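Written below as structure tokens is the structure these notes are about.
The analysis underlying the following values was restricted to heavy atoms, covering all of them including side chains, and did not include hydrogens, waters or symmetry mates. Given the structure is predicted, the values throughout are model-derived calculations rather than measurements.
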2 protein chains.
Amino acid sequence: MARRSSTPLSAEFHSLGQETAITLLRAADSVRRHFTAVLEPFGVTLQQYNVLRILRGAGPDGLPTLTISERMMEKTPGVTRLLDRLEKRGWVARERDSEDRRRVWVKITRDGLELLRQLDEPIDRADEECVESLSDREQAQVVRALRKL
Amino acid sequence: MARRSSTPLSAEFHSLGQETAITLLRAADSVRRHFTAVLEPFGVTLQQYNVLRILRGAGPDGLPTLTISERMMEKTPGVTRLLDRLEKRGWVARERDSEDRRRVWVKITRDGLELLRQLDEPIDRADEECVESLSDREQAQVVRALRKL
DNA sequence: AGCCTTTAGTTGACCAGTCATCTAATTGTG
DNA sequence: CACAATTAGATGACTGGTCAACTAAAGGCT
């Protein structure tokens, strides 16, 4: 059952597992930096962008706060404060549910939608660029493997 | 030169590039969570652990702050404050260079080394565990591809 | 020597993520 | 109906990452 530690590809590492983990973390950092650089001129962070995308996808009623935090796989406190900032910038609006007054519905505003519209093209480009040093074959291999994590 | 957007493997995505980028970010999060869970009982964070590993590798003289921040590929201010916390816990010591008094040498303490000693085994295990759902072949594919980023 | 530039590192302000705790509203059960 | 348990979300305190501005010490040049 337990796998013996396998030989790494590079002498820099103890084991193949270590090499995979660290290479993965580094690669993800590189991708994150790439997106951050695209968003930075617009004054949006990657997480803020993610929330706005989720809200655009959710349609005109928006979503309750907890649903957003589930979709982002993030803890609620972080999301609450992220929404505070998005609300202050006028990109989202919050409204308490009149039926269940614990619940807060969050929806993207006209300004938020306009921001996303401006970002759609640059982000599509960034999606390609940040992994452009990999062939389609390599990308497919990576996706198929990493999906298992 | 410019690559046309390639077909994603899953309908969830617009393009293969997007699918690769997002899958990569998610996988890295999973790995990060795995390591964090191992370190948490010891009261160390992943970044703190990284610094301690770098300092152990550097030998008894330690390293200047800026060198540490280069090796971590991180901005200096963050490292300064990380070191503040490590110093407060007694895991590192700082000493101003008597030749060049701008420079601060940071070295790991006996307590810091003892902490790492206790962590060596669990971390080696975590290196394997966090990617154990991939075969050696898949890991090698992933490493070879992601090294290009 | 005097001054300008560069280098090493710190500090302040902000965004983000996590944990623990808290409030308020709702639901479930006797 | 009343009261406990659950749920939605907010708040405080801390770690961490980034940018901009700052201090202090070297180094270089006239």
Side-chain angles (χ1 to χ4, degrees), chain A residues 25-26 28-30 32-52 62-89 91-106, chain B residues 25-26 28-30 32-52 62-89 91-106:
Chain A
L25 292 176
R26 286 182 188 162
D29 261 17
S30 144
R32 212 187 312 278
R33 270 197 300 276
H34 196 98
F35 283 116
T36 300
V38 170
L39 295 172
E40 194 268 336
F42 292 82
V44 206
T45 67
L46 186 51
Q47 290 314 309
Q48 290 175 352
Y49 176 74
N50 284 339
V51 172
L52 292 175
L63 291 173
T65 305
L66 284 197
T67 308
I68 297 174
S69 77
E70 278 159 24
R71 297 222 186 147
M72 299 180 65
M73 304 192 314
E74 242 174 59
K75 304 302 156 66
T76 318
V79 174
T80 293
R81 282 185 268 251
L82 208 86
L83 292 173
D84 289 345
R85 288 183 283 266
L86 290 176
E87 192 177 26
K88 210 180 307 176
R89 311 273 300 257
W91 290 326
V92 308
R94 286 197 266 201
E95 194 182 344
R96 213 160 262 282
D97 186 326
S98 53
E99 307 275 296
D100 181 344
R101 301 192 34 73
R102 292 170 303 180
R103 191 166 296 176
V104 174
W105 289 85
V106 185
Chain B
L25 292 176
R26 286 181 188 163
D29 260 18
S30 143
R32 212 186 313 277
R33 270 195 301 275
H34 196 98
F35 284 117
T36 299
V38 170
L39 295 172
E40 193 268 337
F42 292 83
V44 206
T45 67
L46 186 52
Q47 290 313 307
Q48 290 176 350
Y49 176 74
N50 284 338
V51 172
L52 293 174
L63 291 173
T65 305
L66 283 197
T67 308
I68 298 174
S69 77
E70 277 158 24
R71 296 222 187 146
M72 299 180 68
M73 304 192 314
E74 243 175 57
K75 303 302 156 65
T76 318
V79 174
T80 292
R81 281 184 268 252
L82 208 81
L83 291 173
D84 289 345
R85 288 183 284 264
L86 289 176
E87 193 178 25
K88 212 180 304 176
R89 310 274 297 258
W91 290 326
V92 308
R94 285 196 267 201
E95 194 183 345
R96 213 159 261 283
D97 186 330
S98 54
E99 306 275 297
D100 182 344
R101 301 192 33 73
R102 292 168 304 179
R103 191 166 296 175
V104 174
W105 289 85
V106 185

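A donor-acceptor pair under 3.5 Å is formed between the side chain of Arg89(B) and the backbone N or O of Gly43(B).
Residue-to-nucleotide proximity on DNA chain C shows that, of Lys75(A) and Ser98(A), the 5′-proximal contact is made by Lys75(A). Remark on DNA chain C: of its neighbouring residues Asp100(A) and Arg33(B), the 5'-side contact belongs to Arg33(B), judged by nearest-heavy-atom nucleotide.
Heavy atoms of other residues, nucleotides or ligands lying less than 6.0 angstrom from CD of Glu95(A) number 12 at most.
Separating the CG atom of Leu83(B) from the P atom of dG9(C) is a distance of 10 Å, rounded to the nearest angstrom. Atom OH of Tyr49(B) is separated from atom C1' of dG16(D) by 19 Å (rounded to the nearest Å). We find that CD of Gln48(B) is positioned 8 Å from P of dT15(D), with the value rounded to whole Å. Rounded to a whole Å, the CZ atom of Arg103(B) is 13 Å from the P atom of dT10(C). In this structure, CD of Glu74(A) is placed 16 Å from C1' of dG9(D), rounded to the nearest angstrom. Here dT18(D) presents its P atom at 10 Å from CE of Met73(B), a figure rounded to the nearest Å. For the pair Gln47(A) CD and dG16(D) C1', the computed distance is 14 Å after rounding to whole Å. In this structure, Leu82(B) atom CG and dT10(C) atom P are separated by 12 Å, rounded to whole Å.
Checked against dG9(C), dA25(C), dC15(C), the side chain of Arg101(A) finds its nearest nucleotide in dA25(C). Of the listed nucleotides (dG12(C), dG9(C), dA16(C)), dG12(C) has the atom at the smallest distance from the side chain of Pro77(B).
Residue-level contact check: Arg32(B) touches neither bases nor backbone, having no heavy atom under 4.0 Å from any strand. Here Glu40(A) lies out of heavy-atom contact (under 4.0 Å) with every strand. Using a 4.0 Å heavy-atom distance criterion, Arg94(A) is classed as a sugar-phosphate-only contact. At the heavy-atom level, Thr65(B) lies under 4.0 Å from the strands shown only through sugar-phosphate atoms.
A donor and an acceptor atom sit less than 3.5 Å apart, one in the side chain of Arg102(B) and one in the base of dT7(C). Remark: the Arg81(B) side chain and the dT18(D) base include a donor-acceptor N/O pair separated by less than 3.5 Å.
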_Residues Arg94(A), Asp84(A); criterion side chain to side chain contact (heavy atoms under 4.5 Å, CB included); working and verdict_ = CA-CA 9 Å; Arg94(A) 286 197 266 201; Asp84(A) 289 345; 2.2 Å; yes
_Test side chain to side chain contact (heavy atoms under 4.5 Å, CB included) applied to Leu39(B) and Gln48(B), step by step_ = CA-CA 10 Å; Leu39(B) 295 172; Gln48(B) 290 176 350; over 6 Å; no
*Step by step, would you call Leu63(B) with Arg71(B) a side chain to side chain contact (heavy atoms under 4.5 Å, CB included)?*
CA-CA 10 Å; Leu63(B) 291 173; Arg71(B) 296 222 187 146; 3.8 Å; yes
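Here Thr45(A) does not reach the OP1 or OP2 of dC15(C): none of its side-chain N or O atoms lies under 4.0 Å away.
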